[in-house]
Amino acid sequence: MRPRAAERSLPETGAPDLARRLPLSFYARPVLEVARDLVGCTVAHGETAGVIVETEAYHYSEPACHAFVGLTPRTTTLFGPPGQAYVYRSYGIHALLNAVCEPAGVGAAVLIRALRPIAGLEQMRSRRGTEDDLELCSGPGKLTQALGVELGENGSSLLDGPVAIFATGGGSGAGSGAESVPGPGTGPVEVRSGPRIGISKAVELPWRFCLAGSPYVSRPRLA
DNA sequence: CATGGGATTGACT
DNA sequence: GTCAATCCCATGC
């Protein structure tokens with residue numbers, strides 16, 4: 001399949017290392033680790049891209065997760081192999097984007113909740129119908145609209161599919177020796193955790209992860 | 001087959 | 001702060 005434009009050229013912002021997508025081994029880990037480590041990474045779709053500033057973890061063992069009910073037509077992707085996009089319709093209106101995690105057979109995924117836009121801003125503004133860049137991707141339904149991610153991409157591979165996720169290469173490039181954590185795009189990113197948003201069950205679990213101080217996270221902001 | 005409930009958003013009081 | 005929009009699907013009769 002042909003390379004996507006956003007993979008080959010990106011604006012200066014953040015100078016992401018778009019040469020390499022996150023590998024399968026990144027997703028085949030405990031979902032809480034993946035959720036935390038995805039903050040600071042870059043997600044791209046077509047000409048558009050943004051840096052992840054907010055995520056939430058979902059695991060079959062707790063009732064807020066769709067996989068809690070077991071294997072059904074809806075949860076097939078969730079129980080599938082890691083590194084796939086789980087896209088579903090929310091409230092009959094919005095498409096929400098997740099990254100499937102943990103080994104195949106374990107229903108778990110990370111919901112991508114907010115991005116800092118870095119590429120394809122004009123297309124995002126057009127799709128979103130606003131000129132306010134803070135409103136482009138500051139919510140799970142907003143970012144899929146801005147990126148143009150749709151339900152048909154459910155089950156597609158994040159490793160070799162239309163939705164791509166990259167480490168946002170920070171200062172020390174590759175080959176810096178030391179076995180750095182395999183996931184986090186950048187070096188030091190301060191991530192805060194708190195309760196997940198918009199759920200009615202397992203509300204106490206602090207499985208939401210936000211980039212500290214980012215104006216691009218959704219509301220309510222994490223103190 | 002009928003029903004009910006959302007991993008949300010935007011408009012409005 | 002409240003509330004409707006809108007549709008997929010899990011559940012129950």
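As the structure is a computational prediction, the values presented were derived from the model and not from experiment. Within every chain, numbering begins at 1; the chains are lettered A, B, ... in the order of the sequence lines, protein sequences first and strands thereafter.
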Checklist entry - So, A:Q145 and A:R128: side-chain donor and acceptor under 3.5 Å apart, yes or no? => result yes

Next on the checklist: Under a 4.0 Å threshold between the charged nitrogen and the carboxylate oxygen, would A:R125 count as salt-bridged to A:E122?
Outcome noted: yes

Checklist entry - Quick one: is A:S90 getting a side-chain N or O under 4.0 Å of the B:dA7 phosphate, OP1 or OP2? => result no

Checklist entry - When we call it a touch if two heavy atoms are under 4.0 Å apart, what does A:I199 touch: a base, just sugar-phosphate, or nothing? => result sugar-phosphate

Checklist entry - So does A:Y91 reach the base of C:dA5 with its side chain, donor to acceptor, closer than 3.5 Å? => result no

Checklist entry - Which heavy atom of A:D132 sits nearest a heavy atom of A:T130, and at what distance? => result N-OG1, 3.0 Å

Checklist entry - So do the side chains of A:R208 and A:S193 get within less than 4.5 Å of each other, counting heavy atoms only? => result no

Item to check | Atom-to-atom span, NZ of A:K201 to P of C:dA10 - whole angstrom | outcome: 13 Å

Checklist entry - What's the closest nucleotide to the A:C65 side chain, out of B:dA7, C:dT11, B:dT8? => result B:dA7

Checklist entry - Between B:dT8 atom C1' and A:L151 atom CG, what is the distance in whole Å? => result 14 Å

Checklist outcome for this item: Of A:L111 and A:Q145, the one whose closest nucleotide on DNA chain B sits nearer the 5' end is A:L111

Next on the checklist: Checking contacts here: which listed nucleotide (C:dC8, B:dG6, B:dG10) is nearest the side-chain heavy atoms of A:K142?
Outcome noted: B:dG10

Checklist entry - For A:R74, which contact category applies under a 4.0 Å heavy-atom criterion: base, sugar-phosphate, or nothing? => result sugar-phosphate

Checklist entry - Are A:R21 and A:F26 in a cation-pi setup, meaning NZ or CZ lies under 6.0 angstrom from the ring centre and within 45 degrees of the ring axis? => result no

Item to check | Whole angstrom value for the distance that separates C1' of B:dG6 from NE2 of A:H94 | outcome: 11 Å

Next on the checklist: Classify A:R128 by what it touches in the nucleic acid, base, sugar-phosphate, or nothing, heavy-atom distance under 4.0 Å.
Outcome noted: sugar-phosphate

Checklist entry - Between C:dC7, B:dA7, B:dT8, which one does the side chain of A:I197 approach most closely? => result B:dT8

Checklist entry - When all nucleic acid strands are considered with a 4.0 Å heavy-atom cut-off, which category describes A:L96: base, sugar-phosphate, or nothing? => result sugar-phosphate

Checklist entry - Can we say A:R116 and A:D133 salt-bridge, meaning some charged N sits less than 4.0 Å from an Asp/Glu carboxylate O? => result no

Checklist entry - Using the P atom in both, what is the distance from C:dA4 to B:dG4, to the nearest Å? => result 16 Å

Checklist entry - Under 4.5 Å between any side-chain heavy atoms of A:Y60 and A:E102, yes or no? => result no

Checklist entry - According to a strict under-4.0 Å criterion, is A:R113 in side-chain N/O contact with OP1 or OP2 of B:dT8? => result yes

Checklist entry - For DNA chain C, which consecutive runs of 3 or more Watson-Crick or G-U pairs (each distance under 3.5 Å) count as stems? => result B:1-6 with C:7-12, B:8-12 with C:1-5

